[in-house]
Amino acid sequence: MKKLRPRQAGKIKNIIIIILAGVIVLESIAFAATSLLSKPSSSEKHEADIELNLSFEGVGNEIGSIVTDLAGNITENGIKPEDITGIVKKVVYSDLIVNTIMSMAYPLLFQVLTNLDMMDFATNIDLYPTGPLYSEKIAGTSYTCCDKDGARKPLTEVLNSVGTDWTYMDSTVTWTDTDGTELTTTLWNSIKWGVSDKESFYKAMADMSAGLRGVLEICVQSKERTVNINVVDFLLNTDAIPINLDAAKIYNSSEKSGYETCLFTLFGALGLRAGEYPSASEVISYTDLGDIWKAILEPVLLAIDKAAKDPVNALTSMLINFAAIIENGKLCESMRSLKMDGDFHELATAVMGFEDGEIYNLGNSLIEIIGKIGLDISGSFNQLLDGLLKLITKSEAADMPDMDMAKLMSCGTATALSDGSTYYVADPQKTIDFLIEYAINEKIIESVLNLTPLKGTPEASTIVSSVGQSKEGLTTIAKTLVGLLLKKLNEITA
């Protein structure tokens with residue numbers, strides 16, 4: 001057998017790292033974007049659904065461009081693990097990510113408060129859901145944005161034109177970037193925040209979310225807000241007589257902060273340990289919104305860095321742990337700690353119809369949003385795999401064979417962590433052998449072929465049939481080759 005040269009093995013390792021980095025960064029972006037979005041839980045009073053109009057085209061194009069550049073720069077010596085982290089940071093630390101999150105958060109925030117009949121209380125809980133209200137929060141900043149006429153103006157000026165209709169920002173405009181490139185984008189993606197590095201990114205994220213402070217502080221940090229109103233002004237629309245009333249206390253009734261309950265679960269599944277991310281008490285003390293975003297995103301980047309140095313062990317362990325928190329429901333349970341509750345004065349209850357209890361749940365919103373994309377994380381891991389296949393193939397008839405979850409879990413050793421949770425340390429060879437046995441399946445091969453020009457051809461049928469007839473031999477060959485590859489990679493990286 002021809003010996004695998006170190007540099008060849010290095011290239012294969014780099015491919016593994018690139019795939020891992022891409023998956024994690026997309027998951028982190030998705031979580032960061034959707035964790036700000038919410039809709040009321042089902043009730044007789046608030047039944048209206050929030051329609052999602054999500055587009056990740058800009059993010060996809062940016063990532064695609066970076067990956068293309070990366071592929072062109074890979075040499076015989078490959079790339080170093082730290083290069084992968086640099087690539088991921090180039091995607092994350094960008095104007096585009098700030099704009100993507102903003103373009104989803106503010107329109108949905110406006111709809112949520114409208115559905116909850118709480119627009120009059122918005123500023124009392126540090127929420128500024130309209131263009132003009134948010135514009136006041138970033139007055140004096142130098143950010144710019146293209147307007148419908150194609151002219152670049154101060155962002156605050158464009159926001160004032162938005163008024164209460166955020167669809168204004170969905171308008172497309174053609175403009176020329178600083179490098180001379182002509183771009184046609186929505187007004188959202190024409191916003192210039194001046195992001196060039198980590199520091200400027202978190203400064204932009206802080207300013208972008210200035211109108212969302214209440215969401216971050218109540219749901220993530222579990223801080224409280226008191227809604228104080230002038231009763232006469234509220235009832236008679238005149239402030240001639242100042243009679244103030246604490247109408248409501250808005251808070252998070254979860255036993256622990258949303259950050260600790262939700263984010264710790266995600267960090268644990270990524271293989272991070274206490275000390276590798278900010279403590280709950282530290283995050284609760286933050287007053288700078290940029291620091292809250294750092295607490296959410298920087299641990300994910302650290303996980304990518306760690307995985308880049310040991311991709312095989314990291315990937316296999318992540319798979320088992322992610323499958324575990326889907327199967328036992330812990331992922332959804334932890335997400336539901338991101339919520340807002342209300343204790344209302346009897347006058348607010350009598351006049352406005354509010355009732356004590358949960359106002360809305362960000363975790364449920366996140367689960368619903370992911371579900372609308374086509375991925376059900378509230379059921380079994382096999383259901384999630386089915387949804388993923390349907391999403392990729394764009395076929396409702398697509399169906400993945402069920403994965404034996406007990407067998408997958410047996411590929412790892414369960415260890416108890418200090419917070420009481422369980423973490424699985426995978427046996428890489430055993431896990432990969434399991435995945436090979438699972439993957440060499442006629443249904444999966446057919447689904448893969450359906451993504452190629454071979455779809456529906458006699459050749460595709462022949463390949464699927466051959467796999468079925470030769471499954472045992474193909475499995476043995478694959479296990480042997482992958483085993484040799486892992487052995488060589490371990491020798492090289494030892």
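Counting begins at 1 with the first residue of the sequence. Computed from a predicted structure; not experimentally measured.
- Not counting sequence neighbours, the partners of I367 by the side-chain contact (heavy atoms from CB on, under 4.5 Å) test are C332, M335, R336, N364, I377, S378.
- The side-chain contact (heavy atoms from CB on, under 4.5 Å) check on K148 picks up Y168, S171, L187, with sequence neighbours excluded.
- The minimum heavy-atom distance linking I250 with G342 is given by the pair CD1-CA, 4.2 Å.
- The backbone N or O of Y286 sits less than 3.5 Å from a side-chain atom of Q221, completing a donor-acceptor pair.
- The side chain to side chain donor-acceptor pair (under 3.5 Å) check on T287 picks up nothing, with sequence neighbours excluded.
- In terms of heavy atoms, M169 sits closest to T186 at O-CB, 3.7 Å.
- With contacts defined as side-chain heavy-atom distances shorter than 4.5 Å, the pair D147/S161 qualifies.
- Not counting sequence neighbours, Y424 has no partner by the ring pair (Phe, Tyr, Trp, His ring centres under 6.0 Å) test.
- Put simply, OG1 on T422 and CG on L417 are 7.0 Å apart, with the number rounded to the nearest 0.5 Å.
- Residues L319 and L435 meet the side-chain proximity criterion, which asks for heavy atoms closer than 4.5 Å.
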Item checked: Pair S209-L216, side-chain contact (heavy atoms from CB on, under 4.5 Å): steps then yes or no -> CA-CA 9 Å; S209 50; L216 289 168; 4.1 Å; yes

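- In summary, the side chains of S254 and N252 do present a donor paired with an acceptor at a separation below 3.5 Å, with no hydrogens or angles considered.
- Here the OG1-CE distance, from T114 to M119, works out to 3.5 Å after rounding to the nearest 0.5 Å.
- R273 is linked by a side chain to side chain donor-acceptor pair (under 3.5 Å) to nothing, counting only residues two or more places apart in sequence or in another chain.
- Under the 30°/60° scheme for interplanar angles, the aromatic rings of W166 and Y106 are found to be tilted.
- In terms of modelled atom types and a separation under 3.5 Å, the side chain of S257 and the main chain of S222 share no donor-acceptor contact.
- Residues S334 and T261 bring no donor and acceptor atom of their side chains to less than 3.5 Å of each other.
- Taking every heavy atom of both residues into account, Y259 and A295 meet most closely at OH-O, 3.3 Å.
- A 4.5 Å side-chain heavy-atom check between D341 and E358 finds at least one atom pair inside the cut-off.
- Residues that satisfy the ring pair (Phe, Tyr, Trp, His ring centres under 6.0 Å) test with Y143, not counting sequence neighbours, are W193.
- A donor-acceptor distance shorter than 3.5 angstrom exists from the side chain of N99 to the backbone of I191, with no hydrogens or angles considered.
- Under 4.0 Å is where a charged nitrogen must lie from a carboxylate oxygen, and between D177 and K192 at least one such pair does.
- D427 is linked by a side-chain contact (heavy atoms from CB on, under 4.5 Å) to Q429, K430, counting only residues two or more places apart in sequence or in another chain.
- For the pair V283/L263, no side-chain contact is recorded, criterion being any heavy-atom separation below 4.5 Å from C-beta on.
- By the 6.0 Å contact criterion, CD on E276 is enclosed, its count of non-hydrogen atoms from other residues, nucleotides or ligands being greater than 12.
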side-chain contact (heavy atoms from CB on, under 4.5 Å) between F110 and T164, intermediate numbers included: CA-CA 8 Å; F110 181 85; T164 60; 3.9 Å; yes

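- With a 4.5 Å cut-off on side-chain heavy atoms, E255 and S337 do not count as touching.
- The distance from atom CD1 of I101 to atom CE of M205, rounded to the nearest 0.5 Å, is 3.5 Å.
- Atom-to-atom distance recorded for I218:CD1 and L338:CG is 12.5 Å, nearest 0.5 angstrom.
- In terms of the salt bridge (Lys or Arg N to Asp or Glu O under 4.0 Å) criterion, residue partners of K198 (sequence neighbours excluded) are, by chain and number, E298.
- The side-chain heavy atoms of E327 and S380, taken from C-beta on, include a pair separated by under 4.5 Å.
- Side-chain contact between F121 and L116 is absent, with no heavy-atom pair separated by less than 4.5 Å.
- For the residue pair K330 and S421, the shortest heavy atom distance occurs at NZ-CB, 3.0 Å.
- Qualifying salt bridge (Lys or Arg N to Asp or Glu O under 4.0 Å) partners for E260, counting only residues two or more places apart in sequence or in other chains: K256.
- Note that CD1 of I296 and CG of D291 are 11.5 Å apart. Values are rounded to the nearest 0.5 Å.
- Here SG of C219 is found 11.0 Å from CG of L212. Values are rounded to the nearest 0.5 Å.
- Judged by distance alone, with hydrogens and angles left aside, the side-chain atoms of T167 form no donor-acceptor pair with the main-chain N or O of D170 at under 3.5 Å.
- Salt bridge present: K309 and D305 bring a charged side-chain N and a carboxylate O closer than 4.0 Å.
- Checked against ring pair (Phe, Tyr, Trp, His ring centres under 6.0 Å), W175 has no partners two or more places apart in sequence or in another chain.
- Using a 4.5 Å heavy-atom cutoff, the side chains of D197 and S200 are in contact.
- Below 30°, between 30° and 60°, or above 60°: for Y93 and F201 the angle between ring planes is between 30° and 60°, a tilted geometry.
- Of all heavy-atom pairs spanning D95 and G194, the tightest one is OD1-N, 3.4 Å.
- With sequence neighbours left out, the salt bridge (Lys or Arg N to Asp or Glu O under 4.0 Å) criterion links K223 to no other residue.
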Stepwise side-chain contact (heavy atoms from CB on, under 4.5 Å) check, L270 with K306 = CA-CA 10 Å; L270 290 174; K306 291 178 63 178; over 6 Å; no

Expected list for residues 127-140: side-chain donor-acceptor pairs under 3.5 angstrom, two or more places apart:
unit_1, atom_1, unit_2, atom_2, d
Y128, OH, D126, OD1, 3.3
T130, OG1, L133, N, 3.3
Y134, OH, D207, O, 3.0
Y134, OH, M208, O, 3.3
S135, OG, T156, O, 3.2

Steps toward side-chain contact (heavy atoms from CB on, under 4.5 Å) verdict (L289, I292)
CA-CA 5 Å; L289 296 177; I292 299 176; 4.1 Å; yes

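- Contact record, G214 with M340: O-CE, 3.6 Å, taken as the closest heavy-atom pair.
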